[in-house]
Structure formats: structure tokens, C-alpha cells
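One structure is given below, encoded as C-alpha cells.
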Amino acid sequence: MVYPAEGAILGVNTTKDRLTEMIGAALARARLSGRITGSSVARFIIELPKDPTHGDYATNVALVMARDEGKPAREVAAAIKNELAASDEFSEVNVGGPGFINFRMAPKFWHGQLRSAAEGAQAFFLPKLGSGKRVQVEFLSANPTGPLTVGHGRNAVLGDTIARLYEATGFEVTREYYFNNGGRQMKVLGASVRARYLEALGEKVEFPEDGYQGQYIRDIAADLVNRHGRALVAQTDLETFRAPAEQVIFADIHRTCERLRVHFDVYTNELDLIAQGKVADVMAELGRRDLLVERDGAVWLRGEPLGLPKDEVLIRSGPEREPTYRTPDIAYHIDKLKRGFDVIVGVFGADHIAEHKTVLAVLKALGHSTAAIKTVIYQFVTLTRGGQKVKMSTRKGEYITLDQLLDEVGADVARFFFLMRKSDSHLDFDLELATRQAPENPVFYVQYAHARLASVFREAQKAGVALPNDPAAIQLELLSEEEIELGKRIVRFPEVIVECVEEIEPHRLPFYLIELAGEFHRYYNKSTNRIIGTQIELSLARLFLAGLVKQALKHGLTLLGVDAPERM
RNA sequence: GCGCCAGUAGCUCAGCAGGACAGAGCAGCGGCCUUCUAAGCCGCGGGUCGUGGGUUCGAGUCCCGCCUGGCGCGCCA
């Protein structure tokens, strides 16, 4: 018997887990009594039926067993159903459709769930999944060659939110930024600054063919002119120009990250890895395993023994013997593994897939387990305004920077929008919708629900209605069916969080919050549902429920790094 | 040409481990504020799930082919 299914995290007692246990026990009894004969291992699931009339939970256990049992699924379902332990938690258990077993939970069950949610508070909303476990999340990792783009924004927010999800569920998280400061691109950066510097002093220079065109290069050059005058005119060492540029650009990146509510604990860079001999170690190890070949003056990684489509250059030809991008990246990943994290998450743009596969293949070839490494790939971002694409050309330095986006929409909207899509999907960022302060903008829709609830609590205080500390004192029996439905959605909150963490798919949370906010707005708008009324016991029960909705919204928004306003 | 990702309503996208009649938001039209915030709610339509096969009791979901779009296939990162 395999249950719970793979991926389930021990220690979290969701309703699904409890049902799984009960069904497992019923199966065992049915087997003892001979009503089920097959010995096969049944991999069944507990799901939430799309159609609520089917019940609160359903299982396909009979369907997956029917073949081995040699009996119609409905018959198997009936046999299992009969062995289910009697429980006053169910109001109804029946066999439906082709052989599903449907469970309808009794109101009493939901009352209990809601009470324990209130008692558990933090522990209920944010289950401790990773006690004692360490996670490293590498994200953004933009090289300091220019301002952050909108695409970087998606990376930063994805990585940060993944980190927040782990953190909130009890993992010890390291947020890490890796960058290259020794490669060719950085030389181009130095050359670009030098050219602008000389230009500013009236010297005749040719701008590097693939140099960085943006205004920020001129600003950095102008600063050098201010500080050093003509002293650097004869300086040909590009490092003189590259280093200050890196500093200035990084300061800029930090500022932008701060605006996005993103920070890092550790920065790792290429030059340090080289200086520490870690890159040389990788090369030596690869050499020992006969995975290198010299050709055209360069050192190549042999693709064939690793199952890769082609050889890759690791050390460039030429007197400087410079490593390519992937060489220090391999060293970096080995370094991550050696640091003993339980989970290592990398957030990379779609253009890095092939390179990352090479890195993983090398790690395996060197005898490392890559089981802990989880890769989140995200597709590119397109900006649209009223259905029209906003043109972006990185080469000419004509692009909307992340800063400009933040100027226009703010951190709340930017973060929410970046997270609203599955990372695998292209993201269409509609600036027109994003800047609208109206209900059709989902960010405000969710925030407004929270602000409304905050207002309700202010009104309750004015009216002298206060929730007792002990949830047992509240008469939840007074809640209507509609209110119980709202409560069921709150009970789902921790399940959504578990899914987000297990699948590393933060987009599920914004979707959940939009649904929860929607259900609350609809409830709130009915005149018969006034929370604060003349019947004190009913008011307390409703306020209790409202408090849980508010907490769910608050926890959810906080996990997304979005503000949960008390007033709007 | 090869590899990866995607193709679901007019638009942007969900669809949890294959499950019971395919969902949401936006856009369009029409309603609702002496009432805890109208940044809200209610009502009305609209889809051969790109396409052709296959596996299965059951396929938007898995497998294969084809079509379309994005990304990659540098001694760039």
C-alpha cells in the first residue's frame, strides 16, 4: 500500500491525509474479511470534486483497483465504503459516477477545523514542513553590466517568493546571488566605459562594436571625469574602468531590489571562485576522468561520454587561459553541494536551460548526487499596453527597466503580476491593467478584501463586539451553509501552501487569494450577511469567520511580498 | 535541422498525481450605494482544450507524428 502518495510531506495532517489513512484502514479490513481479494498495491488519490454536489472530498480508490479485483468499480467502492469506520465527521458517504467514493463532511467537522485553525493560528496557516532543513535559493544572478530589466524582475520576485515560502514553512533559507565579474562581457563593460570617458574628454575613440549603449555608461564615465580629470586618458587597463562600473551598477541593482522588497544573504562571484582555486580543482578532476580534450588551443569538455549533444569550451584559447561562463558555474554548483543544503533551488531564464543541463551532467559525471537540486525555469516577459506590445531592444539600451516599471506600477502590483503566471508560461504584463486602480486589477481586488475586513473589525470595536480568546466559546452552529463554504476555503489555505512548496509553484497562491477574496466580496455584499448585527452570538460567529479570512489574506499577501493594507 | 517550453472562450490565463457536465479574470451588454469601504456585488452570452493517431474503464492532462509561436544550439553570459 502506497500512501500517502509520493511527495507528501510528513508531519502535516491535512484532511486529505486523514481520509487517506481512513481509507487505508478500510481497505485492510475489507481484505481481512475477504471482500477484497487482490493483493495489488493501490495508488489512489483524494481529490476535491469539481462539482460540489459530489461532496467535499472524493477518492478514486475503487477505480484503480477494479481491474485487479475483477469486479466492477462500483462494487469495489461499495465494499470499501462498508468498511469505513463510522464517524460523525461525515454527514454522507456515497458511491458516485463510475465508482468514486464521495465524502461529505458534517458541519461539525468544519466547525472543528475552523476552531483549530484559530487555535493554531500561525501553525495552521503556515505548517512547519522543513524543520531543521536548509534551503539555498539562487536567483536573479544578473551580471553587473547594466540596470535590471523587466525580465530580471520576474526572476527576482519568483526567487524571493520561493524563499519566503520555504522560510515561512520552517526551512532555514539562504538567498544567494551569483555573478560573473571576470568574463568577456565584463571586459566589454570596461571598454565601453573607457570609450565614453575618452569621448567626454574630447578624445577621438571608436566605441566597441558590441559595447553597452545605455546612458548609464555615460553617467559612470562622467563620474570618472569628475573624480580623476584627465588622469586616466593613458590608462589601457580595462579593469580601471570595469571595477568602478561594477560598483556603481551594483549599487543601482541593490536599490532596485530594495524597491521590489528583495534582498540577498550571500553573494558569490566568479573571480573569487577562481582565486580560491575552485575552478582549477574542477578542471583537474575532469582531467583525471578523461573528460577533457584540447583542440584549437582551447580546452573542451567532451560531450559524448556525458550524453551531451556536443563538446563545450571550458578554457578559451589564448595566453590568458580564461574560463568560459560554464566553468566557474560548475565550480559554483559543486560548492553549493558541499555546503550541505537539503534543497538547492535555482531560478533561471529559459535561455539558460541548455547551459544548466551541461552543469548538471558534469556534476553527475564527477560523482555528485544532483537529487537536491531543483531548477525553476521561467519564460520571458512581454510588456503590453492596451494590447500593443511595448518594444524592447536591449542592444540599443532602449528598454523598459525594472525601475521604470516600479515607477509606473509600484512593488505590490509588480510582484503580484510577476507571480500570477506559472513560471513555465510566457508572461504578458499588461501595463494598462496593472496601472488601473480598479476592481479588474486583481491586486487591488485582493487587497481591498483585506482592507474591508480591517474596517469590519474597526466597526466591531466601536460597537463593543470583541471575540473571546477561546474559540470553543463561539457558537459556530449559527453559521449558514454559505458561511461554512467560506470556511472550507480557509481550511484549504495550508493545502495550497504545501502545494506551492512541494511543486515550487508560487503562482498557485495568487490564484487562491483571488478566489478567496472573490468569495468574501460576494458574501459581504449580501445585506443579509451583515457581520455586526443585533444578535450578539451570531455576530461573534461571523466575526470569528471574518477574522480567519483576514488572516488567510494577510498570510497569503505577506508570502507574496505584497502589502495587506488596513485601509484603502 | 536538433533540443527545451508553450498552444484551453474575442484577449490574458488556471485546471492540483488522468477522473464524474471544461473554469476564472478582462473585454461587451443590462442592473445594484439612506446599510460594517461601490477599489464591491448581481444578471446575460461565448470553447471541435492546435491537429491526427495511440494507451486507458476514463485523456485538456500520458505516448507518437504533424502544424504554429517563444527560447537555445558562441572560445557571450
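Order of the sequence lines sets the chain letters (A, B, ...), proteins ahead of strands, with each chain counted from 1.
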Using a heavy-atom cut-off of under 4.0 Å over every strand shown, decide if Arg508(A) touches base, sugar-phosphate, or nothing.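 Here Arg508(A) touches the backbone only, sparing every base.
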Applying a 4.0 Å non-hydrogen cut-off, can you work out what Tyr524(A) is touching in the nucleic acid: base, sugar-phosphate, or nothing?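 If one applies the 4.0 Å heavy-atom cut-off, Tyr524(A) turns out to touch a base.
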Protein and nucleotides 57-59 of chain B: nitrogen or oxygen contacts under 3.5 angstrom:
residue, atom, partner, partner atom, Å
rC57(B), OP1, Arg67(A), NE, 3.4
rC57(B), OP1, Arg67(A), NH2, 2.3

Please confirm whether any donor atom in the side chain of Ser317(A) sits under 3.5 Å from an acceptor in the base of rC75(B), or the reverse.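 Counting by modelled atom types and ignoring angles, a donor-acceptor contact under 3.5 Å is found here.
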For the base of rA20(B), is there a side-chain donor-acceptor partner from Asn102(A) under 3.5 Å away?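 It does, because a donor-acceptor pair links the side chain of Asn102(A) to the base of rA20(B) below 3.5 Å.
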Just wondering, do Phe457(A) and Leu543(A) contact through their side chains at under 4.5 Å, heavy atoms?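 Result yes, sub-4.5 Å side-chain heavy-atom pair found.
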Chi angles and distances behind the ring pair (Phe, Tyr, Trp, His ring centres under 6.0 Å) call for Tyr177(A), Phe139(A): CA-CA 6 Å; Tyr177(A) 188 127; Phe139(A) 63 104; 8.1 Å; no
Kindly give the atom pairs (protein nitrogen or oxygen, nucleotide nitrogen or oxygen) under 3.5 Å for nucleotides 60-63 of chain B.
none

For rA38(B), does OP1 or OP2 lie under 4.0 Å from any side-chain N or O of Tyr445(A)?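 So the side chain of Tyr445(A) is outside the cut-off, no N or O lying under 4.0 Å from OP1 or OP2 of rA38(B).
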Nearest-Å distance, CG (Leu509(A)) to P (rA24(B))?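 Those two atoms, CG and P, are 21 Å apart.
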Range-with-range stems of RNA chain B (Watson-Crick or G-U pairs under 3.5 Å, three or more in a row):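 Stem list for RNA chain B: B:1-7 with B:67-73, B:10-13 with B:23-26, B:28-32 with B:40-44, B:50-54 with B:62-66.
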5' precedence on RNA chain B between Gly96(A) and Arg421(A) (nearest-nucleotide basis):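 Residue closer to the 5' terminus by nearest nucleotide: Arg421(A).
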Between rG74(B), rA39(B), rC41(B), which nucleotide gets closest to the side-chain atoms of Arg522(A)?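 Out of rG74(B), rA39(B), rC41(B), the nucleotide with an atom closest to Arg522(A)'s side chain is rC41(B).
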